[in-house]
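Reading through the structure tokens given below for one structure.
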There are 2 protein chains.
Amino acid sequence: SAISSAKKTPPTLSSDSVINFARGDPTIYESYWRKLGDRCSMVISGNDLMSYFSDPGNLCWFLMPELDHAIRRLHGVVGNAIADDDRFIVVGTGSTQLFHALLYAFSSPNEPEPISVVAAAPFYSSYPEETEFLRSGLYKWAGDAYSFNKDGPYIEVVTLPNNPDGAIREAVVNRKGGKLIHDLAYYWPQYTSITARADYDVMLFTFSKATGHAGSRIGWAIVKDKEIATKMVKFIELNSIGVSKESQLRAAKILGVISNDCLNSGPIKEENFFEYGQRLMSERWEKLREVVKRNGVFSLPKYSPDYCNFSGEYTDYSPAFAWLKSKEGLNCDNLLREHKIVTRGGTNFGVGSKYTRISMLSSDDEFNLLLERLSTIKGTPNGNY
Amino acid sequence: SAISSAKKTPPTLSSDSVINFARGDPTIYESYWRKLGDRCSMVISGNDLMSYFSDPGNLCWFLMPELDHAIRRLHGVVGNAIADDDRFIVVGTGSTQLFHALLYAFSSPNEPEPISVVAAAPFYSSYPEETEFLRSGLYKWAGDAYSFNKDGPYIEVVTLPNNPDGAIREAVVNRKGGKLIHDLAYYWPQYTSITARADYDVMLFTFSKATGHAGSRIGWAIVKDKEIATKMVKFIELNSIGVSKESQLRAAKILGVISNDCLNSGPIKEENFFEYGQRLMSERWEKLREVVKRNGVFSLPKYSPDYCNFSGEYTDYSPAFAWLKSKEGLNCDNLLREHKIVTRGGTNFGVGSKYTRISMLSSDDEFNLLLERLSTIKGTPNGNY
């Protein structure tokens, strides 16, 4: 069938393959979804989903009602965000398109100069380029929020937990005229303890990181203010006239299955998606910490367990990325490349090259090869590599 | 099932409903695809299509190989464009995203001022706003190509056949430093005679208008120059990190079925999609011309039949939009609104209000109501309405 031939050929990993951990391709979850078999399958006929419109009466006219419902329900089940009926849901082609939509929504052509966009370093490496590449007169990248001291309106992006370092954050500028974008891509139980139902003005989520379905390009925003939601919808209309309905419907189906499984309290309770993810991520972090401790060349951030409202117990933080630091201050990305491990160096995130970011969401084979290669890296007796 | 509940409730059309022909929602083809039944159905499992990557070795790394193949094959079968292996295919979230990608690809941050973007009036009503809304410093809308007389580089969009008026066009500026975008959204046999295999530097197509699957948001560009294709891919990476794989795979499936049917030379030859579309559009145009002739208030463009290489005979032009003109120079859009027909007035397309654009791609029910209402509009004896 078309689908089976579309499957990526599994990469042949040999001892001299270069392995890439620079991008967070979330293939880690594939075997979970395979195990679920037909429960998440969907059939689309030739005459389905043809119109531009999904819900003509809705402010977000291209949002499928099934997805709207599945998103609100899942947030209720997980308890990670308030998505009550008085909030607007705006769907996007990934949360990346929604980030652009928000820059547009928070800016105005009537302002004398472009609004400044900031984030506290280390920040997600794509924010600067996404903000700058079209040379918009509406907004401009203004760098690290910690050193931002310009008067007037600004946009601060708060990634929570943070990409790349997994830190739990708050806005740092806190001045009048600030607009906040809370990027909660990783605020799910497999990565972090769910300590409260987030209730920020604008919250971004993405199917890619929640469940691993990156190829579907589905993200969503939960928005309090109607005017902001309206401008976001306008952006998406002018940018791509809506969002793939096939992907929306598939996301609705899969999020629905997750919610059902989380709520299942029958006698034979299978491990739900988040329990599975939490166990898997926790195991990977334990292995990584062991290797890092043993070779003595690197350090990793420390996180103390927090009570997770979703699982009802104290859980470890297991971020989607490992933020590795060279103890001797070496260029960490270069050092790893010499061992055929490609990562994304600290300078991309607005900090020094002694840091680098490693994706923790690869396949098992790739992750095991990572551990193997990391364990061969040794510090030199005199402290130089 | 999720799909059946996702289907739009058929609008209840009563004699006092306002009917909307302003947007070209191509629901006209739905019954054709329904008739094909399971032949175009596809099944997607929970673990399919998870990675960001579709074809890591390809310049357009997010393009599914199945879609790449189906696009090249269909253009070969129809004979409407050259899409040989030395051309690059770039997929987009509708051709709208590809239009943005081309503005980015054809401009440069090193130029002293933004590059001018022009199109000959009447032009597609969204080009000005799409070009302007982010106040890019890279490009700016410069209006009607006929009156453009600025020196230096420029981008000219040539829509062929033209939206809104169905005219067959060529570039009009023809000066040094010009970059051309050929938007061939309607260069398919149901709308126009296929007189040659188009071979422009950059050609845009969209699934929405080719087959009526607007909800999938799939467009594609055929590009000669590698550097331009590379910059377009970069744009889509920064704008949305790729394009829905579910939609790409569905487009591949449906385009493949069309190609198969066109090539079928068995004894029981069913009407293929384009033959069906051509017949339907031709019937609609005949009915519309009859009503317009009878009431005497409006005029429509005239097209002379051309030899179509695809069908092997002289065929009528049946554009996707009717470009209606008030003979008495009245505001055509307002006049129709008084009769509960919503259209898009001429000023949106850079010309006068005596023109308006009517979509010819609505459902049968809506189209019949349009004819009914148009036939009730009468000119006044003294020539005033």
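The chains referred to below are lettered A, B, ... by the order of the sequence lines, with proteins before strands, and numbering in each begins at 1.
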Worksheet entry | Where B:Ser41 and A:Val43 come nearest, the two heavy atoms and their spacing | CB-CG1, 4.4 Å
Worksheet entry | Sidechain-backbone polar pair: B:Asp25 side chain, A:Tyr52 backbone, donor-acceptor under 3.5 Å | yes
Worksheet item: Is a side-chain donor-acceptor pair under 3.5 Å present for B:Ser216 with A:Glu246?
Response: yes
Worksheet item: Can you tell me how far CZ of B:Arg23 sits from CZ of A:Phe53, rounded to the nearest 0.5 angstrom?
Response: 5.0 Å
Discussion item. Between A:Tyr139 and B:Leu134, is there a side-chain heavy-atom distance shorter than 4.5 Å?
Written reply: yes
Discussion item. Just verifying a value: how many Å separate A:Asn47 CG and B:Lys35 NZ, rounded to the nearest 0.5 Å?
Written reply: 12.0 Å
Worksheet entry | Side chain A:His100, main chain B:Leu238, donor-acceptor under 3.5 Å | yes
Worksheet item: Measuring heavy-atom distances to chain B, does A:Ser126 have an atom under 4.5 Å in its side chain, in its backbone, in both, or in neither?
Response: neither
Item to complete: Compare every heavy atom of A:Phe235 with every heavy atom of B:Phe133, then report the nearest pair and how far apart it is.
Response: CE1-CD1, 3.5 Å
Worksheet, complete the sentence: Residue from A:Thr96, A:Val243, A:Ile241 scoring the most non-hydrogen pairs under 4.5 Å with chain B is A:Ile241
Discussion item. If we define contacts as heavy-atom pairs under 4.5 Å, which of B:Asn239, B:Leu138, B:Thr211 has the most with chain A?
Written reply: B:Asn239
Worksheet, complete the sentence: Nearest heavy-atom approach of A:Ser51 to B:Thr27 is CB-CG2, 4.3 Å
Item to complete: Go through the side-chain N and O atoms of A:Gln97 and B:Ser240 and say whether any donor and acceptor fall under 3.5 Å apart.
Response: no
Discussion item. Let's test your reading of the structure: which of A:Glu237, A:Arg217, A:Arg39 forms the most heavy-atom pairs below 4.5 Å with chain B?
Written reply: A:Arg217
Worksheet item: With a 4.5 angstrom heavy-atom cut-off, which part of B:Ser107 approaches chain A: side chain, backbone, both or neither?
Response: neither
Fill in: Under 3.5 Å donor-acceptor, A:Arg250 side chain and B:Ser45 backbone
yes
Fill in: For chain A, the option from B:Met50, B:Arg135, B:Lys245, B:Glu129 that forms the most heavy-atom pairs under 4.5 Å
B:Met50
Worksheet item: Can you tell which of B:Pro65, B:Cys40, B:Gly137, B:Ser247 has the highest number of heavy-atom pairs within less than 4.5 Å of chain A?
Response: B:Ser247
Practice prompt. Name the option with the most non-hydrogen atom pairs under 4.5 Å to chain B; the candidates are A:Gly256, A:Pro26, A:Gly94, A:Gly212.
Written response: A:Gly212
